[in-house]
Amino acid sequence: MEGGSNSKGTGLGGLFGAGGVGYSHADLAGVPLTGMSPLSPYLNLDPRYLVQDTDEFILPTGANKTRGRFELAFFTIGGCCMTGAAFGALNGLRLGLKETQNMAWSKPRNVQILNMVTRQGALWANTLGSLALLYSAFGVIIEKTRGAEDDLNTIAAGTLTGMLYKSTGRVQ
């Protein structure tokens, strides 16, 4: 078995039964590798199979490769909720530290700060999420009504969202 090219693998692979037929570089010296440049001596694979020159996903006939306004609405709403929660939590931390600056560091102060952080985080997340929902809904409705996707839909959706959001306040 000593010098044989088809010997059982040695090392840790042989201990665990993973050693199979071992090939040395001398064994492969006579094998032509036309059109192939192996990635490593242990990976005998044509690298042309690894190249992806086609799309990764199969789309139905006539489908767009970009997402429409309805599909993007979910990302918009979720992103605005998360952003609102993060900014609200930072604002709540700022307000909580400001309101409790005269108190010593204790459990009541920590509880008041945490209450302010969660209250402000939820308030901002709800506000931004609601605005994103209105904007997305207006955008989808306008796109379906007009039958076109362009910048005019975005401007109209933003304008309608702002008008509806400010309609509950008084005129200044």
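Heads up: numbering here begins at 1 and tracks the sequence. Here the structure is a predicted model, which means the values were calculated and not measured.
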Going by atom type alone, with no hydrogens or angles, which donor-acceptor pairs under 3.5 Å involve a side-chain atom of residues 75-82 and a protein atom two or more places apart or on another chain?
{"from": "Thr76", "atom 1": "OG1", "to": "Leu72", "atom 2": "O", "distance (Å)": "2.8"}

Identify the residue among Leu134, Leu128, Asn126 that makes a side chain to side chain contact (heavy atoms under 4.5 Å, CB included) with Ser130.
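Of all the options given, the one that passes is Asn126.
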Got Phe138 and Asn153 here, is their nearest side-chain heavy-atom distance under 4.5 Å?
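Not in contact.
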Check whether more than 12 heavy atoms from other residues, nucleotides or ligands sit under 6.0 Å from atom CG of Asp151, and answer yes or no.
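No, CG of Asp151 has 12 or fewer neighbouring heavy atoms, counting only those of other groups under 6.0 Å.
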First locate atom [atom1] of [X], then atom [atom2] of [Y], and finally report the distance between them rounded to the nearest 0.5 Å.
X: Met163; Y: Lys166; atom1: CE; atom2: NZ; value: 13.5 Å
X: Leu164; Y: Thr159; atom1: CG; atom2: OG1; value: 12.5 Å
X: Ile141; Y: Arg146; atom1: CD1; atom2: CZ; value: 14.5 Å

Side-chain polar contacts of residues 98-106 - donor-acceptor pairs under 3.5 angstrom, sequence neighbours left out - could you list them?
{"from": "Thr100", "atom 1": "OG1", "to": "Gly96", "atom 2": "O", "distance (Å)": "2.6"}
{"from": "Thr100", "atom 1": "OG1", "to": "Arg109", "atom 2": "NE", "distance (Å)": "3.0"}
{"from": "Ser106", "atom 1": "OG", "to": "Ala104", "atom 2": "O", "distance (Å)": "3.3"}

Between the side chain of Asn91 and the main-chain N/O of Gln120, is any donor-acceptor distance below 3.5 Å?
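A pair under 3.5 Å: no.
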Heavy-atom closest pair, residues Trp124 and Gly84
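Between these two residues, the closest heavy atoms are CB-O, 3.0 Å.
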Pairs under 3.5 angstrom only: tabulate donor-acceptor contacts from the side chains of residues 111-118 to other protein residues two or more places apart or in another chain.
{"from": "Asn115", "atom 1": "ND2", "to": "Val111", "atom 2": "O", "distance (Å)": "3.4"}
{"from": "Thr118", "atom 1": "OG1", "to": "Leu114", "atom 2": "O", "distance (Å)": "3.0"}
{"from": "Thr118", "atom 1": "OG1", "to": "Asn115", "atom 2": "O", "distance (Å)": "3.1"}

Audit row: Tyr165, Thr127, side-chain contact (heavy atoms from CB on, under 4.5 Å) steps and yes/no:
CA-CA 10 Å; Tyr165 182 71; Thr127 302; 3.7 Å; yes
